[in-house]
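Protein chains get the first letters and strands the later ones, always in sequence-line order, with residue 1 at the start of each.
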Amino acid sequence: MARIKAIRGMNDILPDQTPVWQFLENRVKEVLGRYGYAELRMPIVEQTDLFKRSIGEVTDIVEKEMYTFEDRNGDSLTLRPEGTASCVRACEEHGLIFNQVQRLWYMGPMFRHERPQKGRYRQFHQIGVETFGMQGPDIDAELIVMTARLWRQLGLEDAVTLHLNTLGNAADRARFREDLVNYLGAHVDKLDADSQRRLSTNPLRILDSKDPQTQALLDDAPHFHDYIDDESREHFERLCKLLDQAGVAYEVNARLVRGLDYYGKTVFEWITDELGAQGTVCAGGRYDGLVEQLGGRPTPAVGFAMGVERLILLLETLGKVPDAVRQQVDIYAMAMGDEAFARLFGLVDTLREQTGLRIQLHCGGGSFKSQMKKADRSGARIALLLGDDECRAGVVTVKPLREALEQRQVPVEQLADTLASMFVEDQE
RNA sequence: GUGGAUGUAGCUCAGUUGGCAGAGCUCCGGAUUGUGAUUCCGGCGGUCGUGGGUUCAAGCCCCAUCAUCCACCCCA
């Protein structure tokens, strides 16, 4: 019988990896909390129409990447391919953005049926941040500065660069799109195959084509900047100024467009060249029209999402995960003989409460030597030994496993204090 | 969806013109009574991704299929 394996592109996160995930998640929560952002938790499944109406019917995500299925009662449901739509739906449904300002974040799995690759999986995880009710560039700047701060907290500030652009308003974008299609349509033969296809599906995407001939052709094409209205231009200029003042470096990239239809005005991407083809580690922008598009009142909004797998990959390749993060046990306790074990069993339980230290008790017997081996492998700094000798004397042997210090015998009453003091100095 | 590379022990990988399935690491045990990381000895561990085919004989050749990795594409 064939063994059952995990679904393609959907990964188990194993015990040696979860500490890294927790490290990242904790740092992110810490930073977002400092800026006053609140967590929101949403279902993973939504009505299919939510994504069709928000992301855009003709985008790749909706056309060929969604996990869509029929519920038992015939409703079309979809495993969420991104978080923004759900977030807007939830806020709208519960009146969170009716005449109100919100700063929110969420985290969890997203699903897209793509061909798996480094940094790209069918179930992947995003940490998303969305804000509602603020139309000025100040909140755009806050979001970007906040991400820059986060990179510093993670030690990634030298590994990522910020790309920034404005997409103007919807009407101007439509005008530009038309002119661009007309111009490129007259030179179809010079476009690469992918761009030819995009001419009818998603013409703006042609702007970031990697084909040199296509790029040459674009030099003489209509320029998007000439289509931007005054309001968007001013919004963008004020944003740039705020970033300058905050000391956040950016690169204005006029050819940066996003794959989701709802973006307008500000768009940005944090990109690394350490991860091969999937270099975008965080991306977002303004989507003032989306709430209304989903049936709410017109509500300005900006947000972004981070790719958790990609950030972890980046942390790992750059060696930015502190060693202490991977250490799961402080103390390994072992006993020789049934009587000693019985005594140790109760003792470590008390010690855990008294000291808050992570104590692993050896279970399953085995020779003393093999227990020592386990203690070593556990990564613990200290081993506690309890045998007949110690039982008789009312002491426990405390053996440092990492430092070149002598082991010593400590009376049971003093054990908690002794251990606590051994772990104080490395709090920072 | 397209192209390329790769699937052999839990992990990393050898395996010759087709001829008995291998190593290192891990794990378990031992090298004088209760002391780990080094060293030495021994042991456990296999549907050679899966299904067909060719052959006296297939890990190796052929076909199909699945998966992984990388790139295109897409995107976080």
Let's test your reading of the pairing rules: Watson-Crick or G-U wobble, both distances under 3.5 Å, then write RNA chain B as a dot-bracket string with ( ), [ ], | and dots. (((((((..((((.....[..)))).(((((.......))))).....(((((..]....))))))))))))....
Classify the nucleic acid contact of [X] as base, sugar-phosphate or nothing, counting any heavy atom under 4.0 Å across all strands shown.
X: A/Gly279; result: nothing
X: A/Gln371; result: nothing
X: A/Gln407; result: base

Can you confirm if the NZ or CZ of A/Arg80 lies within 45° of the ring axis of A/Phe111 and under 6.0 Å from the centre of its six-membered ring?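 No - A/Arg80 does not lie over the ring of A/Phe111 by the 6.0 Å and 45° rule.
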List every contact pair, protein side and nucleotides 4-8 of chain B side both N or O, where the distance is under 3.5 Å.
none

Enumerate the salt bridge (charged side-chain N to carboxylate O under 4.0 Å, His left out) contacts for [range], please, sequence neighbours excluded, ordered by first and then second residue.
range: residues 265-283 of chain A; result: A/Glu231-A/Lys265, A/Arg258-A/Glu269
range: residues 182-197 of chain A; result: A/Asp194-A/Arg197
range: residues 391-401 of chain A; result: A/Asp389-A/Arg392

Atom P, compared across B/G4 and B/A64: separation rounded to whole Å: 13 Å
In whole Å, measure the gap between the P atoms of B/G7 and B/G15 for me. 10 Å
For residues A/Val396 and A/Glu390, report the shortest heavy-atom separation together with the two atoms involved. CA-CG, 4.1 Å
So that I can tick it off, tell me whether A/Asp140 and A/Arg286 are bridged by a salt bridge, with the cut-off set at under 4.0 angstrom between side-chain N and carboxylate O.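 Yes.
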A correct 5'-to-3' footprint of nucleotides 36-42 of chain B, with B, S and - meaning base, sugar-phosphate only and no protein heavy atom under 4.0 Å, is BB-----
If the condition is salt bridge (charged side-chain N to carboxylate O under 4.0 Å, His left out), which residues does A/Glu178 pass it with, not counting sequence neighbours?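 Listed in chain order: nothing, the list is empty.
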Partner residues of A/Glu30 under the side-chain hydrogen bond (donor to acceptor under 3.5 Å, both in side chains) criterion, sequence neighbours left out: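 Listed in chain order: A/Arg34.
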Quick check against the 3.5 Å criterion: does A/Glu403 have a side-chain atom that pairs as donor or acceptor with the backbone of A/Leu405? no
Report, one pair per line, the protein and nucleotides 43-46 of chain B atoms (nitrogen or oxygen only) whose separation is under 3.5 Å.
none

With sequence neighbours excluded, tell me which residues meet ring pair (Phe, Tyr, Trp, His ring centres under 6.0 Å) with A/Tyr67. A/His113
For RNA chain B, what residues of residues 303-332 of chain A have any heavy atom nearer than 4.0 Å?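 Listed by number, they are A/Ala305, A/Gly307, A/Arg310.
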Looking at RNA chain B, which of residues 281-291 of chain A put a heavy atom within less than 4.0 Å of it?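 Only A/Val281, A/Cys282, A/Ala283 qualify.
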5′-ward residue of the pair A/Glu82/A/Ala6 relative to RNA chain B: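 Final value for this comparison: A/Ala6.
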First of A/Ser367 and A/Lys64 reached from the 5' end of RNA chain B, by closest nucleotide: A/Ser367
